[in-house]
Amino acid sequence: MSLTRRGLLTLAGVAAAAAGCGRASDGPGTGRLLTSKALPARFTAPLPIPAIARPVRVTADADHYVLTQKAADVSLLPGRTTRIWGYDGTFPGPTLRVRAGRPAVVTIRNELPVPTSTHLHGGVTPPDSDGFPTDLTVPRGYSPAPPMARQVHDVSRDYRYPNNQRAATLWYHDHRMDFTGPQVWRGLLGLYQITDPREEALPLPRDDRDLPLMICDRAFEEDGSFAYPSHDMAMHRPGARGQFVTGVFGDVILVNGAPWPRHEVDAARYRLRLVNASNARRYRLALEAGGKRLPMIQIGSDDGLLPAPITHTEIIVTPGERYDVVVDFAALPIGTEVTLVNDFGIGTTAEVMRFAVARKAADDSRVPDRLVPAAESPLTTADAVTERQFDFRYDEGRWTVNRQLYDPAGSLAAPRLDTVELWRFTSDFHHPVHVHLAHFQVLSRSGRSPEPWETGWKDTVDVRPYETVEVLAKFAGHRGKYMLHCHNLEHEDMAMMANFDVI
């Protein structure tokens with residue numbers, strides 16, 4: 001790892017200063033990859049909508065799905081073919097749409113040349129189905145067994161998801177020890193939507209006006225293949241090279257696998273499910289038309305609906321986070337072009353996609369004043385049975401938690417089932433902290449109120465340089481070993497993870 005401590009501190013200072021002026025993601029030295037060939041024209045590709053996975057079998061106690069991880073040649077950029085690693089050979093993979101309280105069994109078949117582990121991000125899952133980084137599924141004939149593997153499954157395995165949680169926009173992705181970054185970069189990611197009767201009863205936009213937007217950045221070689229700074233393409237040696245230890249940034253923005261797509265909309269309300277599936281890039285998203293910014297009515301965060309809607313003109317979304325917003329295109333003249341912009345981007349990364357208001361249409365949707373019952377009051381510090389601190393820091397050439405390298409067999413905490421704890425996250429750099437199993441509410445940022453969009457239940461939070469973020473985490477659902485980690489995937493691959501045991 002060639003980044004020095006002084007170099008990291010310099011970059012952290014740049015990032016901290018840039019966070020105030022909106023240029024944190026593309027500053028010098030942040031590990032930005034450039035595509036080798038001319039980039040495609042923006043706002044010409046249609047927005048793809050990922051296919052909905054269908055159960056292969058329905059039993060009394062579960063819906064059964066099969067997803068096959070395999071290589072495929074697909075057209076992400078016009079005129080070029082990209083070899084991806086995808087669930088069912090697509091980028092992103094199929095969307096699993098399930099109902100709360102109805103279990104799903106997802107069989108993952110591995111036809112790739114490398115081991116994998118699939119994590120349902122935001123899922124309240126048993127520990128043996130959580131996608132632990134050393135719980136691996138290996139392809140046929142793979143030998144020898146991966147070092148540090150806790151468990152090895154040959155070719156396929158079943159993940160059991162109880163879905164005993166509120167309606168929410170989740171996503172699934174690879175979580176293999178030391179190689180999450182390059183394997184997600186190559187395409188091992190997809191959406192997972194949980195619905196419930198309470199959400200379905202709300203008069204929110206639905207069907208074609210309910211749009212998933214899985215946003216990520218990538219870079220490409222001249223032949224169309226993905227560019228990624230692996231030490232070796234066989235991925236035997238973990239980590240990213242040189243300056244890319246801070247995170248890998250591409251210069252092409254993909255939405256649902258299409259570069260800077262364009263989508264025609266009715267003059268009506270739309271629900272946008274914003275998912276940051278980038279390895280390291282943060283976005284400050286806003287909708288612009290005619291030099292003005294449109295209101296975005298936030299109705300949900302990572303793990304479900306908010307108590308009541310909140311209106312914003314911009315939202316910061318860090319890797320792993322999800323935000324559900326409603327946008328009303330009805331007030332705009334037919335023919336208006338609306339651009340989803342990224343204030344944290346420079347050049348090609350300053351714009352994400354475009355909506356074209358194409359036609360008038362009937363619309364009976366609305367955003368009610370109340371989204372969940374008032375009885376579901378927010379957590380308070382009085383609910384916390386204890387406090388813990390987790391420091392995310394670059395130390396002695398590695399990304400660490402509490403100055404410790406990740407130990408798959410170790411544990412830094414033992415919260416009790418069905419309790420609430422106050423967890424305090426501190427950092428020296430941008431670290432989107434993700435907690436498995438537990439959902440939390442953001443309490444404060446360095447003694448100040450959290451960002452207005454951080455209301456509601458979350459599993460990932462943006463911890464900025466030299467900041468202290470306090471969250472109230474509720475440990476419910478299952479006992480067993482889980483983990484928290486930085487969701488900058490290059491940091492995660494270089495040891496910025498820690499385990500905890502729910503007892």
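The main-chain N or O of Phe132 is found under 3.5 Å from a side-chain atom of Ser117 such that the two form a donor-acceptor pair. Between the side chain of Asp158 and the backbone N or O of Val105 there is no donor-acceptor pair closer than 3.5 Å. Side-chain atoms of Thr348 come within 3.5 Å of backbone N or O of Asp251 as a donor-acceptor pair. Remark: side-chain polar atoms of Gln165 are paired, donor with acceptor, to backbone N or O of Gly122 under 3.5 angstrom. With hydrogens and angles disregarded, a donor-acceptor distance shorter than 3.5 Å links the side chain of Arg206 to the backbone of Glu200. No donor-acceptor pair closer than 3.5 Å links the side chain of Asp63 to the backbone N or O of Val58. A donor-acceptor distance shorter than 3.5 angstrom exists from the side chain of Asp328 to the backbone of Ala330, with no hydrogens or angles considered. Distance alone, capped at 3.5 Å, places no donor-acceptor pair between the Asn279 side chain and the Val248 backbone. Checked by atom type and distance alone, the side chain of Asn342 never pairs as donor or acceptor with a backbone atom of Glu351 at under 3.5 Å. Side chain of Arg186 to main chain of Pro182: a donor-acceptor pair is present (N/O by atom type, distance under 3.5 Å, no hydrogens or angles).
Between Tyr270 and His263, the angle of the ring planes goes over 60°, which puts this pair in the perpendicular group of the 30/60° scheme.
No option in Tyr159, Trp171, Tyr161 other than Tyr161 meets the ring-ring contact (aromatic ring centres under 6.0 Å, His included) test with Tyr192. For the side chain to side chain donor-acceptor pair (under 3.5 Å) test with His119, the passing option among His434, His175, His173 is His434; the others fail. The side-chain contact (heavy atoms from CB on, under 4.5 Å) test with Val106 singles out one residue from Leu96, Val98, Leu120, Thr118, and that residue is Leu96.
Salt-bridge annotation for Asp303 and Arg322: present, with a side-chain N of the basic residue lying under 4.0 Å from a carboxylate O of the acidic one. With respect to Glu222 and Arg80, no salt bridge is recorded, no charged nitrogen being found less than 4.0 Å from a carboxylate O. Salt bridge status for Arg282 with Asp462: present, with a side-chain N to carboxylate O gap under 4.0 Å. A salt bridge links Arg271 to Asp324: at least one charged side-chain nitrogen sits closer than 4.0 Å to a carboxylate oxygen. Ion pair Asp178/Arg176 not flagged as a salt bridge, since none of the NZ, NE, NH1 or NH2 atoms sits closer than 4.0 Å to an Asp/Glu carboxylate oxygen. Taking a cutoff of 4.0 Å between a charged side-chain nitrogen and a carboxylate oxygen, Arg99 and Glu199 do not qualify as a salt bridge. Remark: Asp343 engages Arg293 in a salt bridge, criterion side-chain N to carboxylate O under 4.0 Å. Salt-bridge check for Lys37 with Glu221: failed, with every basic side-chain N at 4.0 Å or more from each acidic carboxylate O.
Side-chain contact between Pro94 and Leu67 is present, with heavy atoms from C-beta onward closer than 4.5 Å. Between Phe392 and Val433, the closest side-chain pair of non-hydrogen atoms falls below 4.5 Å. A 4.5 Å side-chain heavy-atom check between Phe355 and Glu337 finds every atom pair outside the cut-off. A heavy-atom distance below 4.5 Å is found between the side chains of Ile316 and Arg464. You'll find the side chain of Ile215 reaches within 4.5 Å of the side chain of Tyr283, heavy atoms only. Contact check for Val317 versus Val275: no side-chain heavy atoms found under the 4.5 Å cut-off.
Put simply, CZ on Arg218 and CZ on Phe220 are 8.0 Å apart, with the number rounded to the nearest 0.5 Å. Atom CG in Leu484 sits 12.0 Å away from atom CG in Asp459 (nearest 0.5 Å). Considering OG1 of Thr318 and CZ of Phe344, their distance stands at 10.0 Å, rounded to 0.5 Å. Atoms CZ and NZ, on Phe440 and Lys458 in that order, are 6.0 Å from each other to the nearest 0.5 Å. Considering CE of Met353 and CG of Leu340, their distance stands at 7.0 Å, rounded to 0.5 Å. Residue Leu371 holds its CG atom at 10.0 Å from CD of Gln298, rounded to the nearest 0.5 Å.
Heavy-atom minimum distance, Pro319 versus Ala280: CG-C, 3.6 Å. Nearest approach of Gln69 to Thr116, heavy atoms of both residues: OE1-OG1, 2.8 Å. When all heavy atoms of Leu306 and Thr455 are compared, the closest pair comes out as CD2-O, 3.2 Å. Between Arg32 and Phe244, the shortest heavy-atom contact is N-CE2, 3.9 Å. For the residue pair Pro50 and Leu191, the shortest heavy atom distance occurs at CG-CD1, 4.5 Å. Closest heavy-atom contact between Asn488 and Pro432: N-CG, 3.5 Å.
A donor-acceptor contact closer than 3.5 angstrom is absent between the side chains of Thr460 and Glu321. Checking His121 against His436 by side-chain atom types alone, no donor-acceptor pair falls below 3.5 Å. In the model, Thr137 has no side-chain atom that pairs as donor or acceptor with a side-chain atom of Asn110 under 3.5 Å. Side chains of Ser278 and Asp217: a donor on one and an acceptor on the other come within 3.5 Å. There is a side-chain donor-acceptor pair under 3.5 Å between Ser365 and Asp363. Residues His491 and His431 bring a donor and an acceptor atom of their side chains to less than 3.5 Å of each other. Using modelled atom types, one finds a donor on one side chain and an acceptor on the other under 3.5 Å when comparing Thr125 with Asp130. Asp174 and Thr180 form no side-chain donor-acceptor contact under 3.5 Å, judged by distance and modelled atom types alone. In the model, Tyr323 has no side-chain atom that pairs as donor or acceptor with a side-chain atom of Thr169 under 3.5 Å.
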- [ ] Given side-chain contact (heavy atoms from CB on, under 4.5 Å), test Trp185 with Leu33 step by step and report yes or no.
- [x] CA-CA 13 Å; Trp185 187 270; Leu33 286 171; 4.1 Å; yes
- [ ] Given ring-ring contact (aromatic ring centres under 6.0 Å, His included), test Phe429 with Tyr394 step by step and report yes or no.
- [x] CA-CA 8 Å; Phe429 201 68; Tyr394 186 80; 8.8 Å; no
Task: Residues Arg42, Arg262; criterion side-chain contact (heavy atoms from CB on, under 4.5 Å); working and verdict - done: CA-CA 8 Å; Arg42 277 168 275 175; Arg262 184 176 185 270; over 6 Å; no
- [ ] List the steps, then state whether salt bridge (charged side-chain N to carboxylate O under 4.0 Å, His left out) holds for Arg140 with Glu111.
- [x] CA-CA 8 Å; Arg140 191 178 308 278; Glu111 295 182 0; over 6 Å; no
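Shown here are the side chain to side chain contact (heavy atoms under 4.5 Å, CB included) partners of Arg54, two or more places apart in sequence or in another chain: Ile52. In this view, Arg366 satisfies the side chain to side chain donor-acceptor pair (under 3.5 Å) rule with no residue, not counting sequence neighbours.
Taking the six-membered ring wherever Trp is involved, the centroid distance between the rings of Trp85 and Phe91 does not fall below 6.0 Å.
The cationic atom of Arg354 (NZ for Lys, CZ for Arg) lies less than 6.0 Å from the six-membered ring centre of Phe43 and within 45° of the ring axis.
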